[in-house]
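Here the structure comes first, spelled out in structure tokens, and everything after it is commentary.
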Amino acid sequence: MSNGPRYRFAPSPTGFFHVGGARTALYNWALTLREGGTFVLRIEDTDESRNQPQWTQGIIDALAWLGINNGHPQFEGPYFQSDNAAEQVEAAMRLYAQGKAYFCDLTPDQVQERAKASGRPGYDGFSRERGLGPGPGRVLRFRVPEGETVTHDLVRGVVRFDNATIEDFVLLRGNGSPMFLLANVVDDQIMRITHVVRAEEHLPNTPKQQMLWHALGAVVPTWAHVPVLVNEQRKKLSKRRDKVAVEQYRQEGILADAMVNYLMTLGWAPHGDTEIVSWQRIVDEFRLQDVNHSPAFFDIQKLTAFNGEYIRAMSVADFIAVCQPVLASPSVPWPAAKYDAAKFAAIAELVQTRVQVLADVPSMVDFLFLDQPAIDDASWMKATKEAWARDVLVEMAAVCESCSEWSAVNLKVAFEAITERHELKLGKTQAPVRVAVTGRSVGPPLFESLQVLGRDSTVGRLRAAIARL
RNA sequence: GCCCCCAUCGUCUAGUGGCCUAGGACACCACCCUUUCAAGGUGGCGGCACGGGUUCGAAUCCCGUUGGGGGUGCCA
């Protein structure tokens with residue numbers, strides 16, 4: 001077992017794993033790798049009302065997809081917070097025995113009423129000196145000491161909190177179960193965590209937890225609070241409002257490498273003039289001290305641009321391989337039986353520079369696997385409105401039927417002759433042919449497309465188009 | 001309300017007192033290339049929130065203002 005630093009990622013299984021969590025996990029993972037430490041995954045499942053077991057597997061799968069996998073020697077877990085309930089309660093009772101915590105029988109409503117009456121928000125310490133023992137419905141509250149709590153944060157620096165502004169928070173619920181603040185600290189102690197790197201939303205929890213670490217007689221870990229990810233309204237990313245599920249991006253054909261690279265550039269940047277860098281370089285260069293202090297906008301457009309870069313950087317063979325899931329997806333517009341791997345392989349290189357996400361691929365090649373192309377009406381109208389369009393289609397159909405060798409170059413040469421006869425530009429004349437054959441006005445280069453489609457289909461579609469005019 | 005954090009192009013960032021007439025990337029615009037669309041190439045637009053200090057010198061340090069954000073649960 002490694003003696004290096006112990007980082008941890010502690011998500012709660014309350015929904016789809018989201019990009020903000022992924023970024024935090026990646027930060028921890030990069031640090032773990034660089035420093036020869038350990039990455040502990042702990043599922044914080046103490047909120048019985050909200051956590052769902054199925055989300056746990058989703059977290060594990062998404063982490064694995066991003067390269068954080070439990071097969072790696074520096075990965076430890078997953079642990080479950082609920083498994084440590086006994087130790088958490090025991091720690092709480094120790095605090096009670098030492099007078100560092102006390103029981104209170106006020107209900108949440110009563111606490112609120114008193115706060116309202118006094119004009120001061122939060123719990124007022126009503127039961128501090130009442131000497132209540134444990135009992136059903138009674139919560140255990142931490143007795144916040146007087147003074148100041150000074151935290152040292154690797155990204156924020158020194159952050160001071162006046163303890164007078166911190167209420168006596170709950171350690172154990174009325175039903176005896178441990179709450180987050182306590183459970184989190186006890187687990188971190190059990191797992192010998194040395195570095196707590198988490199999102200900025202936890203910064204206000206830090207003085208409370210630091211007091212707990214002290215009260216429990218342990219050496220506090222090193223804190224680091226990284227900025228949150230926000231939407232275009234500059235609000236923290238929310239599962240309800242925003243598109244945040246890692247799994248969804250994966251399904252749409254965002255590559256893991258692109259996602260990882262993009263996420264790492266939110267709040268941080270590698271040295272030099274390019275942000276597209278290898279994971280190894282990220283591991284080598286990433287430092288918490290260099291992390292920005294302000295929230296970062298999760299820009300899907302830039303994520304997509306990164307993804308396009310990664311797609312283009314792949315070999316054609318890799319691109320073909322990575323396209324298989326989307327080409328075999330049930331949402332594809334052609335009947336599964338009609339898919340022809342050889343045809344896709346023949347045209348793959350030409351689609352590779354034309355897609356940003358893998359989900360864009362099917363619409364670029366669907367004409368190859370459909371009996372008849374799905375003609376886009378607007379494109380059709382526009383491409384055939386000139387008088388010459390019919391002649392071009394007729395002449396092209398004839399050429400296609402009669403030309404000797406069925407090849408892109410041959411077709412191009414023949415078509416250029418037609419174009420010249422009409423004293424037009426290729427950019428113009430190819431439009432009706434393209435729409436007739438592929439159904440769209442944009443797509444991979446025309447003659448290569450025809451070559452892959454084949455002579456019979458091409459001629460058939462041209463004839464059908466002429467009949468349609 | 002109270003506590004805390006933050007502030008460089010629209011966005012993500014480089015910048016840690018002189019190398020900054022502030023660099024890169026995404027987006028946008030133009031041109032080139034070109035069989036559509038992309039890709040690629042070239043160029044352009046565009047920023048240190050404001051006000052005071054400190055200093056020979058400030059995007060960089062200090063204070064204030066303004067503006068954002070987070071927290072304020074018997075959620076995590």
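We name chains A, B, ... by the order of the sequence lines, and we start the count at 1 in each one. Side chains are part of it too, since the values below use all heavy atoms of this structure and drop only hydrogens, waters and symmetry mates.
Among B/A76, B/U36, B/A39, the nucleotide with an atom closest to any side-chain atom of A/Val442 is B/U36. For A/Leu203, counting side-chain heavy atoms from C-beta on, the closest listed nucleotide (B/C6, B/C5, B/A76) is B/C5. For A/Gln430, the side-chain atoms get nearest to B/U35 when compared with the rest of B/U13, B/U35, B/U11. Which of B/U35, B/C74, B/C12 sits closest to the side chain of A/Leu266 comes down to B/C12. When distances are taken from the side chain of A/Asp273 to each of B/U8, B/C4, B/G24, the shortest belongs to B/G24. Of the candidate nucleotides B/A7, B/U35, B/C12, B/C12 has the atom nearest to the side chain of A/Glu275. Checking B/C37, B/G69, B/U35 against every side-chain atom of A/Phe447, the shortest atom distance belongs to B/U35. Taking every side-chain heavy atom of A/Asp299 into account, B/U11 is the closest of B/U11, B/U36, B/U8. Of the listed nucleotides (B/U35, B/C6, B/C74), B/U35 has the atom at the smallest distance from the side chain of A/Arg434. Side-chain atoms of A/Thr353 lie closest to B/A39 of the nucleotides B/C5, B/A39, B/C12.
At a threshold of 4.0 Å, the pair A/Lys243-A/Glu252 counts as salt-bridged, since one of the basic side-chain nitrogens sits closer than that to a carboxylate oxygen. Ion pair A/Arg128/A/Asp168 flagged as a salt bridge, since at least one NZ, NE, NH1 or NH2 atom sits closer than 4.0 Å to an Asp/Glu carboxylate oxygen.
Annotation: B/G43 and B/A49 have their P atoms spaced 29 Å apart (nearest Å). Straight-line distance between the C1' atoms of B/G23 and B/A14: roughly 6 Å, to the nearest whole Å. Rounded to the nearest Å, the gap between the P atom of B/C63 and that of B/A25 is 36 Å. Separating the P atom of B/U60 from that of B/G18 is a span of 12 Å, rounded to the nearest Å. Here the separation of B/G68 from B/G52, taken at their C1' atoms, is 22 Å to the nearest Å. Comparing the C1' positions of B/C9 and B/C20 gives an interatomic distance of 15 Å, to the nearest angstrom. Spacing of P atoms, B/U16 relative to B/C26, comes out at 24 Å, to the nearest Å. Comparing the same atom, C1', in B/U8 and in B/G47 gives a spacing of 6 Å after rounding to whole Å.
At the heavy-atom level, A/Leu411 lies nowhere under 4.0 Å from the strands shown. Using a 4.0 Å heavy-atom cutoff across all strands shown, A/His225 reaches no nucleic acid atom at all. No engagement by A/Gly119 is indicated, since no non-hydrogen atom pair under 4.0 Å with the nucleic acid exists. Nucleic acid contact class of A/Lys428 (heavy atoms, under 4.0 Å, all strands): none. Contact annotation for A/Val159: backbone-only contact, meaning every heavy-atom pair under 4.0 Å involves sugar-phosphate atoms and none involves a base. If you check every strand for non-hydrogen atoms under 4.0 Å, A/Thr265 touches sugar and phosphate atoms only. Base contact: A/Phe180 has a heavy atom under 4.0 Å from a base atom. Using a 4.0 Å heavy-atom distance criterion, A/Arg160 is classed as a sugar-phosphate-only contact. A/Pro11 comes within 4.0 angstrom of nothing in the nucleic acid, heavy atoms only. At the heavy-atom level, A/Thr206 lies nowhere under 4.0 Å from the strands shown. At a threshold of 4.0 angstrom between heavy atoms, the contacts of A/Asn205 include nucleobase atoms, whether or not backbone atoms are also involved. Residue contacts shown for A/Pro295 are limited to sugar-phosphate atoms, with no base heavy atom under 4.0 Å away. In this structure, A/Glu448 reaches the bases: a heavy-atom distance under 4.0 Å links it to at least one base atom across the strands shown. Within 4.0 Å of A/Arg42, counting heavy atoms only, lies no atom of the nucleic acid at all.
Checked by distance alone, A/Arg156 brings no side-chain donor or acceptor within 3.5 Å of a matching partner on the base of B/C5. The base of B/A25 sits within donor-acceptor range of the side chain of A/Lys302, with an N or O pair under 3.5 Å.
Phosphate proximity of B/U16 to A/Arg287: absent, as no side-chain N or O sits under 4.0 Å from OP1 or OP2. Residue A/Arg173 places no side-chain N or O under 4.0 Å from the OP1 or OP2 atom of B/G73. Taking 4.0 angstrom as the limit, A/Arg120 places none of its side-chain polar atoms (N or O) nearer than this to OP1 or OP2 of B/G1. Proximity of A/Thr419 to the phosphate of B/U35: no side-chain N or O atom is located under 4.0 Å from OP1 or OP2.
Classification of the A/Phe447-A/Phe415 ring pair by plane angle, with boundaries at 30° and 60°, yields tilted. Ring orientation note: the planes of A/Phe286 and A/Tyr27 are tilted relative to one another, at an angle of 30° to 60°. In this structure, A/Phe180 and A/His202 have tilted ring planes: the angle between them lies in the 30° to 60° band.
Atoms CD1 and CZ, from A/Ile193 and A/Arg42 in turn, are 6.5 Å apart once rounded to the nearest 0.5 Å.
For the pair A/Gln301 CD and B/A25 C1', the interatomic distance rounds to 13 Å; values are reported in whole Å. The distance from atom CD of A/Glu200 to atom C1' of B/U72 is 15 Å, rounded to the nearest whole Å. Following rounding to the nearest Å, A/Ile276 (CD1) and B/U13 (P) show an atom-to-atom distance of 15 Å. Put simply, CG on A/Asn292 is 14 Å from C1' on B/G69, counting in whole angstrom units. If you take NE2 of A/His293 and P of B/C4, they are 17 Å apart, rounded to a whole angstrom.
Here the two rings, on A/Phe39 and A/Tyr7, have centers that are 6.0 Å apart or farther.
Summarising the geometry of A/Pro13 relative to A/Glu44, their closest heavy-atom pair is CD-O, 3.4 Å, with the distance given to 0.1 Å.
Remark: B/A7 base-pairs with B/U66. Criterion, Watson-Crick or G-U wobble with two distances under 3.5 Å. If you check B/C45 for Watson-Crick or wobble pairing at under 3.5 angstrom, you find it has no partner at all. Both distances falling under 3.5 Å, in either a Watson-Crick or a G-U wobble arrangement, place B/C2 opposite B/G71.
Contact check for A/Thr149 versus A/His214: no side-chain heavy atoms found under the 4.5 Å cut-off. Residues A/Val230 and A/Phe298 have side chains not in contact (no heavy-atom distance under 4.5 Å, counting atoms from C-beta outward).
Comparing A/Gly174 and A/Ala305, the nucleotide of RNA chain B nearest to each residue sits closer to the 5' end for A/Ala305. In terms of position on RNA chain B, the residue among A/Arg234 and A/Ser12 whose nearest nucleotide sits closer to the 5' end is A/Arg234.
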